[in-house]
Amino acid sequence: MNKDEQFMHKAIEIALQARKEGNEPFGAILVKNGEVVMIGENKINTFCDPTHHAEIGLIRKYCSEHHVFDLSEYTLYTSCEPCVMCSGAMVWSNLGRLVYSVSHDQLAEIAGGNIMIACEEVFDKSPQKPEVVGKLLGAEGLKVFEGYQFHS
């Protein structure tokens, strides 16, 4: 198993933890130089904050606690392709690399439509363009959603 797969397994575990805690099943980890520096999970129900997605919550917390704005030397692993809001946060924080498991198209089949703009579309129209690796461990990532009911 390579490093990307190891880190993605962790992001998927965090998504399962978010689900167990009554939040939507999404998880993320931030890695620098092969070391996990922060984890984040969806906390929209815990905090009654519809913007507290795993990725944006992680970026907010890490940048604030470490007084950094530039994540160009970091990789963010996330259990699902980031939404347009989280993709925007990745642009503003100058994220270097993104690796995700479940794609927007796969999520739409499970959860129904929403603002389904691919992260790469956001990045293509932005000054900062993280390297993107998609659909890593997709079958495992999809298992997180088995039996889960999204609220509209």
Measuring from [X]:[atom1] to [Y]:[atom2], what's the distance to the nearest 0.5 Å?
{"X": "F69", "Y": "W92", "atom1": "CZ", "atom2": "CH2", "result": "13.5 Å"}
{"X": "K32", "Y": "T75", "atom1": "NZ", "atom2": "OG1", "result": "11.5 Å"}
{"X": "E13", "Y": "K10", "atom1": "CD", "atom2": "NZ", "result": "5.5 Å"}

Check: Run the side-chain contact (heavy atoms from CB on, under 4.5 Å) check on V36 and L30 step by step: do they pass?
Finding: CA-CA 6 Å; V36 175; L30 189 63; over 6 Å; no
Check: In the single-linkage hydrophobic clustering (I, L, V, M, F, W, Y; side-chain heavy atoms under 4.5 Å), do I56 and L107 co-cluster?
Finding: no
Notebook entry, point to check: Under a single-linkage definition using a 4.5 Å side-chain heavy-atom cutoff for Ile, Leu, Val, Met, Phe, Trp and Tyr, are F47 and I59 assigned to the same hydrophobic cluster?
Noted result: no
If you compare all heavy atoms of [X] against all heavy atoms of [Y], which two are closest, and at what distance to 0.1 Å?
{"X": "L76", "Y": "L58", "result": "CD1-CD2, 4.2 Å"}
{"X": "I44", "Y": "N23", "result": "N-OD1, 3.4 Å"}
{"X": "H104", "Y": "A118", "result": "CD2-CA, 4.0 Å"}
{"X": "M8", "Y": "V99", "result": "CE-O, 3.4 Å"}
{"X": "C86", "Y": "H53", "result": "SG-CB, 3.5 Å"}

Next item on the list: Taking atom CD of E5 as the centre, report whether more than 12 heavy atoms of other residues, nucleotides or ligands fall under 6.0 Å from it.
Entry: yes
Note to self: Using a 6.0 Å cut-off, check whether atom CD of E35 has over 12 heavy atoms from anything other than its own residue.
What the structure shows: no
Next item on the list: Decide yes or no on side-chain contact (heavy atoms from CB on, under 4.5 Å) for C63 and L71, but give the supporting numbers first.
Entry: CA-CA 8 Å; C63 289; L71 299 180; 4.0 Å; yes
Next item on the list: I would like to know whether E131 and L98 meet side-chain contact (heavy atoms from CB on, under 4.5 Å); could you show each step before the answer?
Entry: CA-CA 6 Å; E131 174 190 339; L98 166 69; over 6 Å; no
Main chain of [Y], side chain of [X]: is a donor-acceptor contact present, judged purely on distance under 3.5 Å?
{"X": "S93", "Y": "D70", "value": "no"}
{"X": "S101", "Y": "L136", "value": "yes"}
{"X": "N45", "Y": "G22", "value": "yes"}
{"X": "T78", "Y": "C80", "value": "yes"}

Notebook entry, point to check: Can you check whether Y100 and Y77 have ring centres sitting under 6.0 Å from each other?
Noted result: no
Checklist line | Aromatic contact, F26 with F145 (centres under 6.0 Å) | finding: yes
Answer yes if the side chains of [X] and [Y] hold a donor-acceptor pair under 3.5 Å, and no otherwise.
{"X": "T51", "Y": "R60", "answer": "yes"}
{"X": "S103", "Y": "E81", "answer": "no"}
{"X": "E21", "Y": "Q17", "answer": "yes"}

Check: Where do E146 and K143 land on the side-chain contact (heavy atoms from CB on, under 4.5 Å) test, with the steps shown first?
Finding: CA-CA 5 Å; E146 288 178 0; K143 288 180 184 175; 3.6 Å; yes
Next item on the list: Taking only Lys NZ, Arg NE, NH1 and NH2, and the carboxylate oxygens of Asp or Glu, determine whether E41 and K43 approach each other closer than 4.0 Å.
Entry: yes
Check: In terms of side-chain geometry, is the basic nitrogen of K135 or D105 positioned less than 4.0 Å from the acidic oxygen of its partner?
Finding: no
Next item on the list: Just say parallel, tilted or perpendicular for the rings of F150 and Y148, cut-offs at 30° and 60°.
Entry: perpendicular
